[in-house]
J.: 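Mind having a look at this structure? Questions to follow.
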Amino acid sequence: MIHASSNEQPLWQHHSAKQTLLRWLGWFWLVAITVVSWQVMNENTIWAFVSDAPEQAVDIGSRMFPPAWGYISNLWEPLWDTINIATLGTLLGIIFAIPVAFLAATNTTPSTRFVRPVALLVIVASRSINSLIWALLLVAIIGPGLLAGIVAIGLRSIGFIAKLLYEAIEEIDESQVEAVRATGASGVQVIDYAIVPQILPAFWGISVFRWDINIRESTILGLVGAGGLGIQLNASLSTLAWNQVAMIFVVILGTVVISEWVSARVREAVL
Amino acid sequence: MLKLDNVSKTYKTGDKALHNVCLEVSAGQVVGLIGPSGAGKSTLIRCINRLVEPTQGSITLGSTDLTKLNRRDLRQARRRIGMIFQEYALVERLTVMENVLSGRLGYVPTWRSWFRKFSPEDIALAHSLLDNVGLADHYNKRADALSGGQRQRVGIARALEQNPELLLVDEPTASLDPKTSRQIMRLIRAACQERNLPAIINIHDVMLAQQFSDRIIGLRAGKVVFDGSPEALSDEVLTTIYGDEDWTQLRADATPTQNEATAVLDLAEGV
Amino acid sequence: MPEQSLTQTYPTRWKRPPVLLTNPLWRRVIAVGALVYLVLAIQTVEVDWQRVYLGLERGWRFVQGFLVPDFTTRWNDIYYGLIESLTMTLTSTVAGVLISIPIGIGAARNLAPAPVYLACRSIITLSRSFQEIIIAILLVAMFGFGPFAGFLTLTFASIGFLSKLLAEEIEDCDHSQIEAIRATGASWWQVVNYAVQPQVMPRLVGLSLYRMDINFRESAVIGIVGAGGIGATLNTAIDRYEYDSAGAILIIIIAIVLVVEYSSSYIRRWFQ
């Protein structure tokens, strides 16, 4: 389109053409890998089941309605358990996440060489593994029940809270820290007077946000035996009592909506 | 009182910020430290309370060699040195009172400072200092609710709460308007006179330095190039410190606005 | 200034004013309420200490399995599970992005007419309300076991996530640029192409890569309810108490998450 009138124009064009080529190559590879992945993934897919799906959906849908409203009397206790798993698990996560965050932040870690990588590893390990997998492990180790659920939620929360918290610690205003240090304050006092006030709003926001997520996650932990609504869900699923399943979904949805509202209100109040 | 002997500082990046600085400050003397940006003014001040570690030389306050102290003794020594910062460096989310009381942190055990339990004498002193700087009623406000001039007054109160033997002042007026700058300088000056307190004031405004100090030290590229009375600060001296500039013209420009500012200030002083 | 006179003329007591709840009654009510809740909640946790004690030995074996993982014994299962997880992750992310773009545009208040806006917003809400696991249960019931159900689950979940964030990004777009293009007499498509796309493209790439990371982590979970992937392998390994194989799988998951995170920050830089 543009015919070069100066010497710089064609140079720029050339570079751009190379970049365009690279981009197209990138897109081509993405499409190619996706297509191959699709084929590999569906090698064993039985398409008869897939084409059958709409009928199955209609069937399940008709069994779900109307939901078994009366079944709710069986759900209050598991619901209470679910909330306790989420809350106690979040508390557990917070207790461990705080020291990990301080060890991981470049400006508070005692050693960037040795301590910080360990703290970062703890964060990555905790974040990579879903709470349901933690629950699966813990149920096998310490047996089914609320404790496994609480510890699972706690272990998953450590990485989430510690990551966001250490990022907040790294963003603080260093001059305030310097000023408190200049008065002759000890290390703990510097944390108390200069760092904590700066990260406190972020800390509350992160904790409540994680609690909200944990409510969602703890509704299903029972599928692997870690207590709460999931246990009822598992029972109803295995007996194919779809109208009870529908009722459980309604309760889960209600809980999630309320917890989201609570967490939004609290975050508003804190920030 | 304070003696710097052959102090040098080389940063890890290889930048040599200070070259063999020698100077002595006697009791009650207010020293204005001037020089272009990057001359090492901030570094010099921070070497004294070792917020920056000097690479070479000795710094003696009274009979203590500050450069030889271990961590604990350094904290004890920092209690004796008050510092006032550029951009105030108050802990924004703490109350004014907590900011002032943080000047006592070096004297208070950690558990007491954690619960904000300071001695009656400390609290009375804080109230009196806030009264002196004209903020008697603001003690329960959060620091970020104050104006720039008010914040720097809190900064002064925090430094004086330490009952210091030496005051380090780093660009106290950098972000303040001319009128407020003069009020702040007047406050610092008065505080020093009242307590026979020596001070090193690092300041970029030559006129303010001349008016409010007993002695001027000029720094250029990490070396002391001038040390004398404010009256001896001739145009030639300014040229050796800052390089070529039409100083007579600059002074002529500065004078009328300064007078105006003084006039307004004298009216506002009582407020 | 003698100290004595200071303590006589100035107050000697100071208490930090409460920051959050200024009403003392509310403060007390909330503190007591929290304490009561905590006691009640902890009481519901029935711990069979004998079982926990027995479990400690197993826990120790798991730690050992994690430190000395066994990649070889179950390598075939791990390999197939991993292939399923990875293919599921890629295809569902691509499908999710493709579907999210029209829905995200439809859910942006500054581009879409009201009925379209409402329709797209309800799709987003529907997708975001349910856990991936619950969706997987339903889809497995409809489509049968295997990675196809997993693919659908992850695609469905990606749509809610990506469309919502994309719509927010479009709504935050610089309005003057859109107006400028509109003023040239451009059609709606041209406005989207010339004014909106350049502004949201880098962010869309970043979000897609982030979602890919999430999809991989989720793909390790939905296998537990039969939707294929490495989760099924992990589930079996744990059921059989083969902690060294389980440790190997967890290490692989962590390693892949790390690789995805690093490469995505690299790709993002390439696109900006």
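Just so we're clear, the structure is a prediction, and the values are computed from it rather than from any experiment. Throughout, protein chains are lettered first and strands after them, A, B, ... in sequence-line order, and every chain is numbered starting at 1.
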J.: Kindly indicate, with the supporting measurements, whether the criterion side-chain hydrogen bond (donor to acceptor under 3.5 Å, both in side chains) is fulfilled by C/Asn215 and C/Ser158.
T.: CA-CA 8 Å; C/Asn215 277 349; C/Ser158 303; 3.0 Å; yes

J.: Evaluate ring pair (Phe, Tyr, Trp, His ring centres under 6.0 Å) for C/Phe156 paired with C/Phe130, printing each intermediate quantity in order.
T.: CA-CA 10 Å; C/Phe156 185 72; C/Phe130 283 103; 8.8 Å; no

J.: Where does C/Glu261 contact chain A at under 4.5 Å (heavy atoms): side chain, backbone, both or neither?
T.: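 Only the side chain of C/Glu261 comes within 4.5 Å of chain A.
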
J.: If the plane angle is over 60° it's perpendicular, under 30° parallel, otherwise tilted; pick one for C/Tyr241 and C/Tyr243.
T.: perpendicular

J.: Using non-hydrogen atoms only, which part of A/Leu137 is less than 4.5 Å away from chain C: side chain, backbone, both, or neither?
T.: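 The answer is both parts of A/Leu137.
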
J.: Which answer fits A/Val257, side chain, backbone, both or neither, if we ask what part of it has an atom under 4.5 Å from a heavy atom of chain C?
T.: neither

J.: Quick check on side-chain contact (heavy atoms from CB on, under 4.5 Å): which of A/Val40, A/Ile33, A/Thr34 does A/Ser37 satisfy it with?
T.: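 Answer to the side-chain contact (heavy atoms from CB on, under 4.5 Å) test with A/Ser37 among A/Val40, A/Ile33, A/Thr34: A/Ile33.
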
J.: Checking heavy atoms, do the side chain of A/Ile83, its backbone, both or neither come under 4.5 Å from chain C?
T.: both

J.: What residue, out of C/Asp239, C/Ile253, C/Asn235, has the most heavy-atom pairs lying under 4.5 Å from chain A?
T.: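 The answer is C/Asn235.
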
J.: Between the side chain of A/Trp134 and the main-chain N/O of A/Ile129, is any donor-acceptor distance below 3.5 Å?
T.: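 Checking the backbone N and O of A/Ile129 against the side chain of A/Trp134, a donor-acceptor pair under 3.5 Å is found.
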
J.: Okay, side chain of A/Thr239, backbone of A/Ser236: is any donor-acceptor separation there less than 3.5 Å?
T.: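 Yes: the side chain of A/Thr239 pairs with the backbone of A/Ser236.
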
J.: What residue, out of C/Met88, C/Gln131, C/Arg58, has the most heavy-atom pairs lying under 4.5 Å from chain A?
T.: C/Gln131

J.: For the candidates A/Arg127, A/Glu260, A/Glu217, which exhibits the highest count of non-hydrogen atom pairs separated by less than 4.5 Å from chain C?
T.: A/Arg127

J.: What option among C/Leu56, C/Leu54, C/Leu138 has the most heavy-atom pairs under 4.5 Å with chain A?
T.: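 Option with the greatest count: C/Leu138.
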
J.: Short question: side chain of C/Ser208, backbone of C/Leu204 - any donor-acceptor pair under 3.5 Å?
T.: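 Between the backbone of C/Leu204 and the side chain of C/Ser208 there is a qualifying donor-acceptor contact (under 3.5 Å).
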
J.: Measure A/Leu253 against the heavy atoms of chain C and call it side chain, backbone, both or neither at under 4.5 Å.
T.: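 Just its side chain gets close to chain C.
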
J.: Would you find more than 12 non-hydrogen atoms of other residues, nucleotides or ligands less than 6.0 Å from C/Tyr37 atom OH?
T.: yes

J.: Using heavy-atom distances under 4.5 Å, tell me whether A/Leu22 contacts chain C through its side chain, its backbone, both, or neither.
T.: both

J.: Among the options C/Gly231, C/Gly144, C/Ala141, C/Ala95, pick out the one with the most heavy-atom pairs lying under 4.5 Å from chain A.
T.: C/Ala141

J.: Using a 4.5 angstrom heavy-atom cutoff, name the option from A/Leu146, A/Leu233, A/Ile141 with the most pairs to chain C.
T.: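 The residue among A/Leu146, A/Leu233, A/Ile141 with the greatest pair count is A/Ile141.
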
J.: Give, as side chain, backbone, both or neither, the part of A/Leu223 having an atom under 4.5 angstrom from any heavy atom of chain C.
T.: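 The side chain, not the backbone.
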
J.: Is the cationic atom of A/Arg210 (NZ for Lys, CZ for Arg) positioned less than 6.0 Å from the six-membered ring centroid of A/Phe160 and within 45 degrees of its normal?
T.: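 Geometry flag: set, cation within 6.0 Å and 45°.
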
J.: Among C/Ile137, C/Asp213, C/Val225, which has the most heavy-atom pairs under 4.5 Å with chain A?
T.: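 Highest number of heavy-atom pairs under 4.5 Å: C/Ile137.
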
J.: Verify the distance criterion only: is there a donor paired with an acceptor across the side chains of A/Ser157 and A/Asn214 at less than 3.5 Å?
T.: yes

J.: For each of C/Val94, C/Leu90, C/Val52, tally heavy-atom pairs with chain A at distances under 4.5 Å, and name the one with the top tally.
T.: C/Leu90

